[in-house]
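Values below: all heavy atoms of this structure, side chains included; hydrogens, waters and symmetry mates excluded. Treat the numbers as computed from the prediction; the structure is a model and nothing was measured. Counting starts at 1 for both ligands and their atoms, following the listed order.
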Amino acid sequence: MSEERSLNFLEEIVEADLASGKSTQIHSRFPPEPNGYLHIGHAKSICLNFGLADAYGGKTNLRFDDTNPATEETEYVESIKADVRWLGFEWEEEHYASDYFGQLYAYAVALIEKGLAYVDDLSAEEIAATKGTPTEPGKPSPFRNRSIEENLRLFAEMKAGAYTDGEKVLRAKIDLASPNMHMRDPIMYRIKKTAHHRTGNDWCIYPMYDFAHGQSDSLERISHSICTLEFEVHRPLYTWYIEQLGIFPSRQFEFARLNLTYTVMSKRKLLQLVQEELVDGWDDPRMPTLSGLRRRGYTPASIRHFCDRIGVQRRENIIDVGLLEFCIREDLNASALRRMAVLDPIKLVITNYPEGQSELLPAENNPEWEDNGGYRDLHFSRNLWIEAEDFMEVPAKKWFRLAPGTQVRLKNAYIVTCTGCVKDDYGKVIEVHCEYIPESKSGQDSSGIHVKGTIHWISIDESIDAEVRLYDRLFQVENPSHEEGDFTSYINPSSLTVISDAKLEASLGSAQQGEHFQFIRKGYFTIDSKHAAEGKLVFNRTVTLKDTWSKESKKG
Ligand code: ATP
Ligand code: MG
């Protein structure tokens, strides 16, 4: 276990279980339902399950919880496997709850034979309506006391397809007066004449979550079955099935799910965003999905560090999305190559630098590395691109960038003195003019001049064009799921800014997918995988250099 932090409550449980001999091996599982892409909340569960097993010499299974034929697809199975591997984890065994359909059916028969389950002809609505309230017991169904023989026959007929959807269900016979509503004769099986993505039309009855999950855990000899807090009330039922069947005693433990500010996390809502084309698919760089974060430029390490930092709690909370951004910034600051890119170009002419002349100036690849990560050569000449916002004809107070009469340093190059600008017929500035100071060359500056501002630039002759995409939070409110009305009405209309004519350092033309760059003063960027596949050079901004957003929001 890492020594810097104290144990979380699950580690304490595991250590106690190992010490008492209650567990001899730690065996966890990650059990996604293949009805959508994994999101950052799942990453918390993955890191927790795999991390716990790793820490105590155990193992972790990947189990697809595919008991609902209507919503599941093979595309999701494949994406889930790719995402777990990308995060850096490898599972011990791969399972599908649907592989257990035969065994689960046998378990159901065993409960009928023990007089602990019955076929009910009431509809789902009637069952819900007769369940009572937490303070009032439920009403027994008129079919509750069917004989074991009749129940066995009817259940076999359900399986054989003799009835239509909803005509009959199998219920556990537990306690209609239980203070826990989940124990009031819960449904075990329902009829659904829908093809399943793996078992096809083999089955027309499907087990409910509660009748599949614990038994699947037990079949895989899972010691610690970890799930989110909303399943706490299901735990007595989880344990009841296992005890009545007398099978391997897996145990369930609950932790608080991850909630992030300015983010929706439920797969149903993410699916809605995709289906209504409010985003560019599950991997839209604004989505909290792992595929979206990957396309945005998040690294697996940054997500694992984030999961470490947030820890594991037993109480619902909401984490500031700024912490996730902090984690990727920290990672990329250490690893990303520094490059120059001008996102909103305006021409800078160095009037005392001769036409046709040029020179190569060394620039560090990453000042965080030993020897600055080596140097690349920047092409310097008379005509450069700079950011339009780095020039003001009438400067504001405390303006340290270009304005007539001011001096700035061109990063890795010279100090220049601004001499004026050229405007078009409409009064728009189209060129900025400067004179450079030859003795002020970076690294060998003997000018004795001190300037407060440094700006980035690119030689016009050696720049390439690219599209650059800037992202802001997808939602305008902190907790879109808790606002009135449909959450989609809180989408931030300016969450995507497309810059079609950015000017980049020529070396970025050969950037590869998966590489990360710091565009000096502009943030961290990566190649957009989707457009790369189409042969188009598009960079996504992963994150800004500083948290400008929270400062602005505080300003109001
Ligand atoms: P959603 O509500 O987003 O559809 P889910 O819980 O239905 O999520 P599953 O595919 O069933 O999604 O989840 C697989 C595992 O991931 C479960 O163990 C679940 O508890 C866990 N998980 C899902 N969402 C979160 C979250 N936000 N934080 C932590 N764990 C989560
Ligand atoms: Mg689920």
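The aromatic ring centroids of Y524 and F519 lie 6.0 Å or more from each other. Annotation: H196 is in aromatic contact with F101 [ring centroid separation under 6.0 Å].
Within ligand 1, the atoms closer than 4.0 Å to a non-hydrogen atom of F255 are 29 (C), 30 (N), numbered from 1 in the order shown. Near P31, meaning under 4.0 Å from one of its heavy atoms, ligand 1 places the atoms 14 (C), 18 (O). Near S266, meaning under 4.0 Å from any of its heavy atoms, are these atoms of ligand 1: 3 (O). Within the listing of ligand 1, atoms 9 (P), 10 (O), 11 (O) sit less than 4.0 angstrom from a heavy atom of E33. Annotation for ligand 1: atoms under 4.0 Å from non-hydrogen atoms of P32 are 10 (O), 14 (C).
Between Y238 and H213, the angle of the ring planes lies from 30° to 60°, which puts this pair in the tilted group. In this pair, F253 and H224 present their aromatic rings parallel. The plane angle is below 30°, not in the 30 to 60° band.
Scanning H39, H42, R268 for the heavy atom closest to atom 16 (O) of ligand 1 points to H42. Of the candidates N259, I226, N49, T228, it is T228 that places a heavy atom closest to atom 20 (O) of ligand 1. Around atom 2 (O) of ligand 1, the closest heavy atom drawn from K44, R257, K269, M265 belongs to R257.
Side-chain contact of E220 with N61: a donor-acceptor pair under 3.5 Å is present, judged by distance alone.
Checked against a 3.5 angstrom limit, the closest N/O atoms of G41 and ligand 1 fall inside it.
Distances from ligand 1 to the non-hydrogen atoms of F30 include at least one value under 4.0 Å.
Looking at residues two or more places apart in sequence or on another chain, you find a ring-ring contact (aromatic ring centres under 6.0 Å, His included) between Y241 and F211. For the side chain to side chain contact (heavy atoms under 4.5 Å, CB included) test, residues two or more places apart in sequence or in another chain that qualify with T299 are A301, S302, I328, D331, L332, H516.
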